[in-house]
Number of protein chains: 2
Amino acid sequence: MIQAHAVRLFVEHGYDGTTVNDVAEAAGVSPMTVYRHFPTKEDLVLVDQNGPLVADRIAATPAGQPLVRRIGSALVDSARTLTDGDDRFLLARLRLMISTPALRARHLDNHYVLQQAIVDGLGDEAVDPDAAFQAAAAASACLAAMHTALVRWAKDDGRTDLPDLIAKALAAAFGDDTPGTGGR
Amino acid sequence: MIQAHAVRLFVEHGYDGTTVNDVAEAAGVSPMTVYRHFPTKEDLVLVDQNGPLVADRIAATPAGQPLVRRIGSALVDSARTLTDGDDRFLLARLRLMISTPALRARHLDNHYVLQQAIVDGLGDEAVDPDAAFQAAAAASACLAAMHTALVRWAKDDGRTDLPDLIAKALAAAFGDDTPGTGGR
DNA sequence: CCCTTATTGTTAGTAACTACCAGTGCGGTA
DNA sequence: TACCGCACTGGTAGTTACTAACAATAAGGG
C-alpha cells in the first residue's frame, strides 16, 4: 500500500519532487515506518519479487542447449507471466526507473544480482571458474538485451507484446536462432 | 588531484567510511570546491573520459560486418589502449566500483549512456527505429559482456590481459566467431 | 589602475537516512 | 484477570550528501 501511494506521488510530482515524508503522510504512516519497510527511497519503486521466478525457469531448461538460448527462453517466458496481470502499475514503475537516473542505476544493479542468480540456476557449470565466467558473460548479455526491450516496451506504453520484444532484442544480439515468436 | 586523494581515502577507510569533507581536507580544498568539480561523491570514483574513445572506434569499423562484431572489436581495441598506462589507479577505481553498491549502480548506468553513444556511432542505422532498437540491443549486450570481463579482470588483480578477457566474454555470449586473441 | 572573469570559500538550508528509545496491540501462560 | 514476550509503529536527535546565494581572491586585458 505504501508503495502504491509512493508510485502515484512520484508520477504526479516527480521522483525528486516527492519527499519520503510526503509518501508517509499520503500513506497515513510515519516516515520511520516507510524506512522500515523500504530501506531506501529507491526501493519504493524498485521492490519486486520475481527474481527467483527467472532462476527457477533457468533450471527447468534443457541443459544441452547453448547458454544464451537457455537464458533467453527463460527470460521470454518470465516476461509472459509477468505481463499477465495489470500492466499499468508495472509500466508506471518502469517509466520511473528509466527516466530517473538514481532509479535507473539501481535497477541496472539489480540485474547484476539477477545475473548471479541465473549463473547459480544454470547449475553444474558453476564449479569450473572458466565455465562460470562464460555463464556470467552470457547472462549479463541476455539481461542487457532484455533491458533494451523493456525500455522499448515502456516507450510504446506497453502496447506491444513484451515477450515478443525481448525475443526480438535477443535475436538482434545473438542471431536469429533465438526462441520466441519474434525470431521469425 | 582531488580524485587521487579521494580514491586513496576510499581504499583506506572504505567508501562509506569516508566523507566528502575528509576528501576535501586531504586535498587541501574546501568541500564546496570538491562538489564543484565532482557533482556527486560517486563521481570522485567514476569520472572517466574514454567515452568518445569507443564511439570513435565504432565509426571506424567496416559497416558490412554484423553489429556485435563491430562493437566487440571496438571494445577490445579500446581496452587495449586503456590498459597501456599504469593499471593500478584504474584497478583501484574498478574494485571500488564493483564492491560498493552505489558505485556499481552508477557505473552500470554510465554503460547506458555509452550505449547511446555507440548506437549513434554506428551511423546510418539510426534512422530506422527498428534498426536502432536492434543496434541498442546489440550494444547493451556487448557492454554487459565487457563488464563481466572487467569484473573478472579486477578479481585477477589485473594480471590477465584485459582485451583478451573481453574477447573471451564476447565469444562466450555471441559464439566463437568474435574477433580477438581469445576467440578459441 | 580598473574591469572582467574564473575559481574558491563561507554560510545556511533541505532531505535522505540512522541510532536509540518509547509506546501499542496481541497471543500465550498462569 | 494479570503478566510477559513480540512484532510493529512512532518520536527525537543526529550525520551526511548536496544546493543556493553571496563574498573574496587572483589572473589577465584595456
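Here is the naming used below: chain letters follow the sequence lines, and residue numbers restart at 1 for every chain.
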For the backbone of Met97(B) and the side chain of Arg104(B), can you confirm whether one donor and one acceptor N or O come within less than 3.5 Å of each other? no

Distance from His37(B) atom NE2 to Met1(B) atom CE, nearest 0.5 Å? 8.5 Å

Could you go through Leu165(B) and Leu150(B), starting from their C-alpha distance and side-chain angles, then the distance that decides it, and tell me whether this counts as side-chain contact (heavy atoms from CB on, under 4.5 Å)? CA-CA 8 Å; Leu165(B) 272 180; Leu150(B) 282 175; over 6 Å; no

CD1 of Ile58(B) to CG of Leu75(B): how many Å apart, nearest 0.5 Å? 6.0 Å

Roughly, in whole Å, what's the span from CE in Met1(B) to P in dT7(C)? 14 Å

Checking the side chain of Asp77(A) only, and the main-chain atoms of Ala74(A) only, is there a donor and an acceptor separated by less than 3.5 Å? no

What pairs of residues pass the ring-ring contact (aromatic ring centres under 6.0 Å, His included) test when at least one of them lies in residues 64-118 of chain B, not counting sequence neighbours? His147(A)-Tyr112(B), His107(B)-His111(B), His107(B)-His147(B), His111(B)-His147(B)

Give the residues of residues 9-24 of chain B touching DNA chain D, defined as any heavy atom closer than 4.0 Å, sorted by residue number. Thr18(B), Thr19(B), Val20(B)

Would you say Asp128(B)'s side chain and Asp130(B)'s backbone share a donor-acceptor pair under 3.5 angstrom? yes

Charged N to carboxylate O below 4.0 Å: is that the case for Asp84(B) and Arg80(B)? no

Under the 3.5 angstrom rule, does the side chain of Tyr15(B) hit a backbone N or O of Glu42(B) as a donor-acceptor pair? yes

Given Ile118(A) and Leu143(A), is the side-chain contact (heavy atoms from CB on, under 4.5 Å) satisfied, shown in steps? CA-CA 10 Å; Ile118(A) 290 177; Leu143(A) 286 174; 4.1 Å; yes

Residues touching DNA chain C, which here means a heavy atom under 4.0 Å, drawn from residues 34-44 of chain B: Arg36(B), His37(B)

Output the residues of residues 94-110 of chain B in contact with DNA chain C, where contact means a heavy atom of the residue under 4.0 Å from an atom of the strand; sort by number or write none. none

For a 4.0 angstrom threshold against heavy atoms of chain B, report the outermost contacting nucleotides of DNA chain D in 5' to 3' order. dT16(D) to dA20(D)

For residues 4-12 of chain B, please give each side-chain donor-acceptor pair under 3.5 Å, one per line with the distance, not counting sequence neighbours.
unit_1  : atom_1 : unit_2   : atom_2 : d
His5(B) : ND1    : Arg8(B)  : NH2    : 3.0
Arg8(B) : NH1    : Glu12(B) : OE2    : 3.4

May I ask you to decide if Pro62(A)'s main-chain N or O and Arg70(A)'s side chain share a donor-acceptor pair within less than 3.5 Å? yes

